[in-house]
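Take a look at the structure set out below.
Throughout, a chain's letter reflects where its sequence line sits, starting with A, and its residues are numbered from 1. Just so it is clear, the values below take in all heavy atoms, side chains as well, and ignore hydrogens, waters and symmetry mates.
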Amino acid sequence: MVQIRDLGRHVGETVGLVGWVETTRSHGKVAFVVLRDGTGLAQCVLVKKQVGETTWAAHEGATQESVVTVTGEVRADDRAPGGFEIAVSEMAVLAEAEEYPIQPKEHGVDFLLDHRHLWLRSSQQRAGLRVRAEVEQAIHDFLYDRGFVRIDTPILTGSIGEHAGTLFETDYFGEKAYLAQTGQLYVEAACPAFGKVYCFGPTFRAEKSKTRRHLTEFWMVEPEVAFADSDENMRLQEDFVSYIVERSLERCAEELKVLERDTSRLELVRPPFPRLDYTEAVERLKEKGSEIEWGADLGAPDEAVLTEEHDLPLFVHNYPKSAKAFYMKENPEDTRTVLCDDLLAPEGYGEIIGGSQREDDLDRLRERIREEKLPEAAYSWYLDLRRYGTFPHSGFGLGVERTVAWITGRHHIREMIPFPRLMNRLFP
RNA sequence: UCCGGGGUAGCUCAGUUGGUUAGAGCAUCUGACUGUUAAUCAGAGGGUCGUGGGUUCGAGUCCCACCCCCGGAGCCA
């Protein structure tokens with residue numbers, strides 16, 4: 001057996017293939033079966049006079065998605081998708097598929113999501129998920145090369161990362177437990193052990209969001225760096241994002257073509273990225289007619305207005321304290337604000353990173369926990385990190401699906417994860 | 001939770017001011033065809049019009065309630 005991606009090396013030879021029937025076209029005395037084996041597509045040509053009766057009869061049972069084996073000679077032909085085809089001498093059906101629900105035509109999103117377990121086989125879905133896999137690999141490679149240690153953080157947690165009310169609650173032997181909505185507090189704990197660390201895994205938000213940018217279960221990478229300030233944090237972010245984009249362009253050119261992605265703007269992505277202070281951003285928005293007031297978080301339309309002005313991702317940094325989480329460090333130059341940044345992707349894809357320098361002063365951190373009325377006891381271990389050798393440190397979280405949606409140019413982040421969990425969707 | 005759009009064949013949709021037996025394309029089945037690229041051509045089968053109630057001689061169409069889906073807002077990555 002050979003793999004379809006290697007057919008070019010076997011021209012003139014007789015080879016065996018095994019795979020799933022993607023499409024068939026029959027003309028009475030000649031038939032075309034397009035086979036998919038996970039590495040590519042191969043058009044298999046059957047001529048009635050040249051194959052045995054058994055094989056000709058077999059091809060009639062080769063319905064869409066049936067598993068078949070094929071033996072035949074490889075030849076180059078411009079009429080074949082991929083440039084090579086198989087002149088079939090023998091074909092056998094190993095598993096005949098029932099009538100396949102997903103046809104080569106348009107379907108509604110709801111129907112496709114109901115059939116997500118089958119939809120994965122479609123060409124654009126294959127391409128998108130392959131880009132996702134490449135992005136994930138790029139994330140690990142970049143961080144590994146820079147000396148980060150991967151820390152796997154718990155999914156079942158007792159303490160709360162950010163704001164309550166958006167957590168999935170579960171029973172833990174009679175005690176309340178929550179599905180993690182961030183691994184950040186734990187990577188902060190690992191930071192004094194290894195200096196540079198990151199976690200990578202699923203996170204859970206019970207937000208009742210129904211937009212193309214939200215999932216209830218999504219994957220996030222969260223690097224954390226000891227002795228890095230907010231400025232270094234942003235420099236790491238722009239290097240990181242640029243590397244991920246470059247790797248995708250380099251190794252997923254074929255997939256991006258299948259997805260009809262215009263890559264010209266992605267090719268511009270390299271550091272430095274433009275930076276806009278929150279206070280400047282509000283002024284800019286007011287000039288443009290927005291009704292935003294200083295102190296409020298930026299709305300989705302505000303973000304769109306700001307990113308329209310740039311080809312590159314845009315940092316908006318130093319937001320008001322009131323709009324951000326308790327663990328962010330107060331900005332010494334303007335104590336109304338904290339040292340943090342959001343990275344907004346271009347072309348309307350929105351926030352792909354949220355990052356900050358962390359509050360390393362014990363008293364101020366405890367004060368913020370009280371202000372936010374968070375359960376102080378649950379954070380005692382987190383406060384310990386400020387008792388036993390506190391240190392300046394910064395980190396950020398990058399959303400994998402949003403990043404992949406931007407790189408692939410897909411409208412919906414729900415296509416960027418194999419089995420999306422949405423507010424109204426727990427199956428398949 | 002709020003705002004907007006929608007639910008008719010397996011799928012994607014059309015369906016006029018309420019009016020005879022609810023239509024099309026694709027898919028399926030039957031037949032024709034030796035180079036197709038979502039092949040083409042001819043024919044056939046296929047419907048609890050989201051659910052419940054109401055108005056009417058008559059409801060897919062009008063009214064009320066509910067359910068579900070999509071898009072957006074808020075929140076966030």
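Between A:E401 atom CD and B:C76 atom C1' there is a gap of 13 Å when expressed in whole angstrom units. B:C75 atom C1' lies 14 Å from atom CD1 of A:I413, rounded to whole Å. Rounded to an integer number of Å, the gap from A:K208 NZ to B:G71 P is 18 Å. Taking atom CZ of residue A:R212 and atom P of nucleotide B:C75, one finds them 17 Å apart after rounding to whole Å. Atom CZ of A:R25 and atom P of B:C41 are 16 Å apart (whole Å). If you take CG of A:D77 and C1' of B:G35, they are 8 Å apart, rounded to a whole angstrom. B:C76 atom P lies 13 Å from atom CE of A:M220, rounded to whole Å.
A:E85 comes within 4.0 angstrom of a nucleotide base, judged by non-hydrogen atoms across all strands. A:G350 comes within 4.0 angstrom of nothing in the nucleic acid, heavy atoms only. Using a 4.0 Å heavy-atom distance criterion, A:I353 is classed as a sugar-phosphate-only contact.
When each of A:V225, A:L236, A:V149, A:L143 is paired with A:K196, the side-chain contact (heavy atoms from CB on, under 4.5 Å) condition holds for A:V225 and for no other. When the options A:E401, A:R414, A:R402 are evaluated for a side-chain contact (heavy atoms from CB on, under 4.5 Å) with A:H214, the one that passes is A:R402.
With B:U36, B:C76, B:U34 as the candidates, the nucleotide lying closest to the side chain of A:R402 is B:C76. Distances were taken from every side-chain heavy atom of A:N424 (C-beta onward) to each of B:C33, B:G72, B:C69; the shortest belongs to B:C69.
Judged by distance alone, the side chains of A:R251 and A:Q137 never bring a donor and an acceptor atom under 3.5 Å apart.
B:U12 and B:U17 are spaced 29 Å apart, taking the C1' atom of each and rounding to whole Å.
Taking a 4.0 Å limit (strictly below) on heavy-atom distances, residues 109-126 of chain A reaches RNA chain B at A:D110, A:F111.
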Worksheet item: RNA chain B in dot-bracket, Watson-Crick or G-U pairs under 3.5 Å, [ ] crossing, | other strand?
Response: (((((((..((((.....[...)))).(((((.......))))).....(((((..]....))))))))))))....
Worksheet entry | Contact state string [nucleotides 22-31 of chain B, B base, S sugar-phosphate only, - no protein heavy atom under 4.0 Å] | ---BBSS---
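A:R213 has a side-chain polar atom (N or O) that falls below the 4.0 Å cut-off from OP1 or OP2 of B:A73. Between A:R205 and B:G74, a side-chain N or O to OP1/OP2 separation shorter than 4.0 Å is absent. Contact annotation: A:H412 side-chain N/O to B:G71 OP1/OP2 distance is under 4.0 Å.
Of the possible polar contacts, none joining the A:Y349 side chain to the A:R213 backbone as a donor-acceptor pair under 3.5 Å is found.
Under the stacking definition used here (centres under 5.5 Å, planes under 30°), the residue A:F218 qualifies as stacked on the base of B:A77.
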